[in-house]
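Report on one structure; see the data block that follows.
Just so we're on the same page: letters track the sequence lines, and every chain starts at 1.
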Amino acid sequence: MIRIYNTLLTILGNQNWWPADTPFEVAIGALLTQQTRWNNVEKAILNLKDKSLMEPEKLANTDNETIEELIRCTGFYRQKAHRLIIMSEYFLLHGDAIFDRPVKELREDLLELKGVGEETADSIILYAANKPKFVIDAYTRKILNCLGISGSYSELQQIFEARLDEDVELFKEYHALIVEYGKQYCLKHRCEECVLIDIGKTLI
DNA sequence: TTCCCGAGAT
DNA sequence: ATCTCCGGAA
């Protein structure tokens, strides 16, 4: 698995995810980016910052309509506005102690929140809490499929976590590289140029 | 038209 | 397994 990482890093270079000033901003971005280009998420984040709303206390006490207008460019803005408030209340309720809790409990908490599925929960754990959880997204699934591997979310996650050192920075960069590779190669059907197939066969 | 750093309800 | 939420860029 580390060979694939090294190969991706050589081809694409360091991705340096996740651009954010605070853990809270990571969580907000994680909700906004669902089924949405990061480019549009950045606009929404800037809109929220311009109104000084990128804080749990502020956002939790802002009405739906105001938030909807600021994040409209991310699509699904009505449900997302509601979910941002719920996430804000969660941060507000637990304070900075959120990320001091065991990963298992944090993950269960996050999954209870509306709009937070496994991928979003793990993104927050990895990029906001800085804990080693490997994020599985659609591109990860697609690439593993090409290597002859399929399975549930947790099964695919185990494949990575069992074969890699528990290195937060490695997990962060690896997931980012997979997404970027997916955009550049998988999405554009550049399968004949894919460098992962031969590597993949030798290590599974 | 497709697709995006998906999740929830049915 | 399929549908809905939804705007914006290519």
* Asked: Does B:dC5 have OP1 or OP2 sitting under 4.0 Å from an N or O in the side chain of A:Thr36?
  -> no
* Expressed in whole Å, how much space separates the P atoms belonging to C:dA1 and B:dC5? -> 25 Å
* Are OP1 or OP2 of C:dC6 and a side-chain N or O of A:Tyr77 less than 4.0 angstrom apart? -> no
* Asked: If you look at every strand shown and take non-hydrogen atoms under 4.0 Å, does A:Thr74 touch a base, only sugar-phosphate, or nothing?
  -> nothing
* Pair A:Glu25 + A:Lys49: basic N to acidic O under 4.0 Å -> yes
* To do: Report yes if at least one side-chain N or O of A:Lys183 is closer than 4.0 Å to OP1 or OP2 of C:dA9; otherwise report no.
  => no
* To do: Could you measure between the two P atoms, the one in B:dA9 and the one in C:dC6, and give it in whole Å?
  => 14 Å
* Taking NE2 from A:His175 and P from B:dG6, how many angstroms apart are they, rounded to a whole number? -> 8 Å
* **Polar side-chain atom of A:Arg107 near backbone of A:Ile125 as donor-acceptor pair, under 3.5 Å** => no
* Do the ring planes of A:His94 and A:Tyr90 sit parallel (below 30°), tilted (30 to 60°) or perpendicular (above 60°)? -> tilted
* To do: For A:Leu187, answer base if it contacts any base atom (sugar-phosphate contacts may also be present), sugar-phosphate if it contacts only those atoms, and nothing otherwise; contact means non-hydrogen atoms under 4.0 Å.
  => sugar-phosphate
* Provide, to the nearest angstrom, the distance between the CG atom belonging to A:Leu111 and the P atom belonging to B:dG6. => 16 Å
* What about A:Gln34: does its side chain form a donor-acceptor pair under 3.5 Å with the base of B:dG6? -> no
* To do: Using atom CZ of A:Arg83 as one end and atom P of B:dG6 as the other, report the distance to the nearest whole Å.
  => 13 Å
* How is A:Ile71 classified with respect to the nucleic acid when contacts are heavy atoms under 4.0 Å: base, sugar-phosphate, or nothing? -> nothing
* Which residue lies more 5' along DNA chain B, comparing A:Gly115 with A:Tyr139 via nearest heavy atoms -> A:Tyr139
* Give A:Glu118 one of three labels, base, sugar-phosphate or nothing, depending on what nucleic acid heavy atoms sit under 4.0 Å from its own. => sugar-phosphate
* Asked: Under 4.0 Å between a side-chain N/O of A:Tyr127 and OP1 or OP2 of B:dC5, yes or no?
  -> no
* To do: Please report, rounded to the nearest Å, how far the P atom of C:dC6 is from the CG atom of A:Leu70.
  => 16 Å
